[in-house]
> 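One structure follows; several queries about it will come next.
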Amino acid sequence: MRFGLCLLSVFALAGCASPPVIAPYGVVSNNPCIDAVLAHIALPGQVSAISIYSHDADSASAPLAWARQFPAIGMSAEELLLARPKLVLTGNLASGGTNAVLARAGIKSVALGVAPTIADDKQQIRTIAAALDRTDAGEALISDILESLPSTQFSGPFVSAIIWQNGGFVAGKGTLQDELLARHGFRNASAQYGLSSWGVLPLETLMRNPPMVIFMPTNAGGADAREGRARQALLSHLDGRTRIVDFPDRLLFCGGPTIIKVSAILAKTRAAFEESKP
């Protein structure tokens, strides 16, 4: 019996791929938003591991082909210590003690939160670029982001819109997405529903007083597919009053190069309104 159990264990282990080895003394990121910046500015060989979220098409902000070249790492201090990095780029994990553990081990870390404005996002890119000694590459990425935005302040009239994600999450005032909407001539309708920064907007509330544009995922898969189909079936009754524009969930997670993708969607949608004017 014991032999049989051992044999089963051997077969089980043989069927499991060993985790990829992380090269020591490199740059490790466990934040998908930072990964997206690294994909644009890091030199070959600088990055040793990236966030596990960047290996998932539904949560990745970095290009998947780039991300899957690297081992993925999680959020725990144990994983980070075993990777033996020279630098850890991370989210705000100080409250969980991870950054304190890294400091005691003599490992440098740079912690970045969620940028609420374009100005803050630019500073975060500069911080990452400076940590990698890639200042020029960071400035080039910032230039690309600024070029994706309207060159002048929008003077109106503004079009009411909302970014409405799976689960009903809405980006409200004081968020990066709110600023991007305004830059492109949209008025964030979140305030009319009593939402502040981030909140959940029920479908029933939205149907009673819809904005002119709803940016939302229209091709959701997996667990979100059923919710997406139900949403679209009900929202189809708004045809002629409200435009539904595809906006994948992953575009709501980060700034950095994601701003370029968001700006392209917003600019195209705003241009369609201008073209439809009598």
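FYI, the numbering just counts along the sequence from 1. Just so it is clear, the model here is predicted, and its values are computed rather than measured.
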> Would you say that Ile128 contacts Leu38 through its side chain, given a criterion of any heavy-atom pair below 4.5 Å between the two side chains?
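Yes, their side chains come closer than 4.5 Å.
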> Taking the side chain as every heavy atom from C-beta outward, state whether Asp121 and Ile145 have any atom pair closer than 4.5 Å.
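Of all side-chain heavy-atom pairs linking Ile145 with Asp121, at least one is under 4.5 Å.
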> Can you tell me if CD1 on Ile265 sees more than 12 non-hydrogen neighbours from other groups inside 6.0 Å?
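Above 12, so yes.
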> Looking at CD1 of Ile125 and CG of Leu141, how far apart are the two atoms once the value is rounded to the nearest 0.5 Å?
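Rounded to the nearest 0.5 Å, the CD1-CG separation comes out at 4.5 Å.
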> To the nearest 0.5 Å, what is the distance between CG (Leu102) and CG (Leu87)?
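Interatomic distance, Leu102 CG to Leu87 CG, rounded to 0.5 Å: 10.0 Å.
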> Just so I know, are the side chains of Thr90 and Thr98 near enough to count as touching, which here means a heavy-atom distance under 4.5 Å?
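Sidechains of Thr98 and Thr90: no contact.
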> Which ring-ring contact (aromatic ring centres under 6.0 Å, His included) pairs, counting each pair once, include a residue from residues 109-135, with sequence neighbours left out?
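As it turns out, there is no ring-ring contact (aromatic ring centres under 6.0 Å, His included) pair with a partner in residues 109-135 once direct neighbours are skipped.
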> Please list, one pair per line, the donor and acceptor atoms closer than 3.5 Å that link side chains of residues 193-214 to other protein atoms, with sequence neighbours excluded.
{"residue": "Tyr193", "atom": "OH", "partner": "Asn209", "partner atom": "O", "Å": "2.5"}

> Using a 3.5 Å cut-off and no angle test, enumerate the donor-acceptor pairs between side-chain atoms of residues 172-186 and protein atoms at least two apart in sequence or in another chain.
{"residue": "Thr175", "atom": "OG1", "partner": "Gly172", "partner atom": "O", "Å": "2.7"}
{"residue": "Thr175", "atom": "OG1", "partner": "Asp178", "partner atom": "N", "Å": "3.1"}
{"residue": "Gln177", "atom": "NE2", "partner": "Leu252", "partner atom": "O", "Å": "3.2"}
{"residue": "Asp178", "atom": "OD1", "partner": "Asn188", "partner atom": "ND2", "Å": "3.0"}
{"residue": "Glu179", "atom": "OE1", "partner": "Ile118", "partner atom": "N", "Å": "3.0"}
{"residue": "His184", "atom": "NE2", "partner": "Ser263", "partner atom": "OG", "Å": "3.3"}

> Can you name the nearest heavy-atom pair linking Thr135 to Ala130, along with the distance?
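Result for this residue pair: OG1-CA, 4.4 Å.
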> Would you say the side chain of Lys86 lies within less than 4.5 Å of the side chain of Lys108, judging by non-hydrogen atoms?
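No; the side chains remain at least 4.5 Å from each other.
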> Would you please name every residue forming a ring pair (Phe, Tyr, Trp, His ring centres under 6.0 Å) with Phe158, sequence neighbours left out?
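Ring pair (Phe, Tyr, Trp, His ring centres under 6.0 Å) check on Phe158 returns Phe154.
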> Does any part of the side chain of Phe215, heavy atoms only, come nearer than 4.5 Å to the side chain of Leu251, both counted from C-beta?
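Not in contact.
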> Mind listing the closest non-hydrogen atom pair of Leu80 and Pro85 along with its distance?
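Scanning both residues, the minimum pair turns out to be O-CD, 3.2 Å.
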> Measure the CD1-CD distance between Ile142 and Glu147 for me, rounded to the nearest 0.5 Å.
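Those atoms lie 12.5 Å apart.
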> Determine which pairs satisfy side-chain hydrogen bond (donor to acceptor under 3.5 Å, both in side chains) with at least one residue from residues 123-134, sequence neighbours left out, and list them in order.
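Matches after skipping sequence neighbours: Arg126-Glu139.
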> Hey, could you give me the CZ/CD distance between Phe247 and Gln165, rounded to the nearest 0.5 Å?
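Going from CZ on Phe247 over to CD on Gln165, the span is 6.0 Å.
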> Measure across Ser148 and Ile259 and return the closest heavy-atom pair with its distance rounded to 0.1 Å.
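For Ser148 and Ile259, the tightest heavy-atom pair comes out as OG-O, 4.2 Å.
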> Enumerate the residue pairs fulfilling side-chain hydrogen bond (donor to acceptor under 3.5 Å, both in side chains) with a member in residues 42-53, sequence neighbours excluded, ordered by first and then second residue.
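Passing the test, one end in residues 42-53: no pairs.
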> I need the minimum non-hydrogen distance between Asn166 and Pro217, along with the two atoms involved.
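Asn166 and Pro217 have their closest heavy atoms at ND2-CG, 3.7 Å.
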> In the single-linkage hydrophobic clustering (I, L, V, M, F, W, Y; side-chain heavy atoms under 4.5 Å), do Val262 and Leu146 co-cluster?
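Result: yes, single cluster for both.
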> Look at the side chain of Asp246 and the backbone N and O of Thr218, then say whether any donor-acceptor pair between them is shorter than 3.5 Å.
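Yes.
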> In Å and rounded to the nearest 0.5 Å, what is the SG to CD1 distance from Cys254 to Ile34?
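Between Cys254 SG and Ile34 CD1, I get 9.0 Å after rounding to 0.5 Å.
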> For residues Ala39 and Ala62, report the shortest heavy-atom separation together with the two atoms involved.
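Smallest interatomic distance, heavy atoms only, reads CB-CB, 4.3 Å.
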> Tell me whether the count of non-hydrogen atoms from other residues, nucleotides or ligands lying under 6.0 Å of CZ in Phe169 goes above 12.
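Open.
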> I want to check something: taking the side chain as every heavy atom from C-beta on, are Val101 and Glu78 in contact at a cut-off of under 4.5 Å?
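They are not in contact (no side-chain heavy atoms under 4.5 Å apart), so the answer is no.
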> Looking at every non-hydrogen atom in both residues, tell me the closest pair between Pro71 and Ile22 and how far apart they are.
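Closest approach of Pro71 to Ile22, heavy atoms only: CB-CG1, 3.7 Å.
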> Could you give the distance from OG (Ser61) to CG (Asn31), rounded to the nearest 0.5 Å?
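Between Ser61 OG and Asn31 CG, I get 9.0 Å after rounding to 0.5 Å.
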> Determine, using the 4.5 Å side-chain heavy-atom cutoff (strictly less than), whether Met75 and Phe253 are members of one ILVMFWY cluster.
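No; tracing contacts between hydrophobic side chains, which count when under 4.5 Å, never links both residues.
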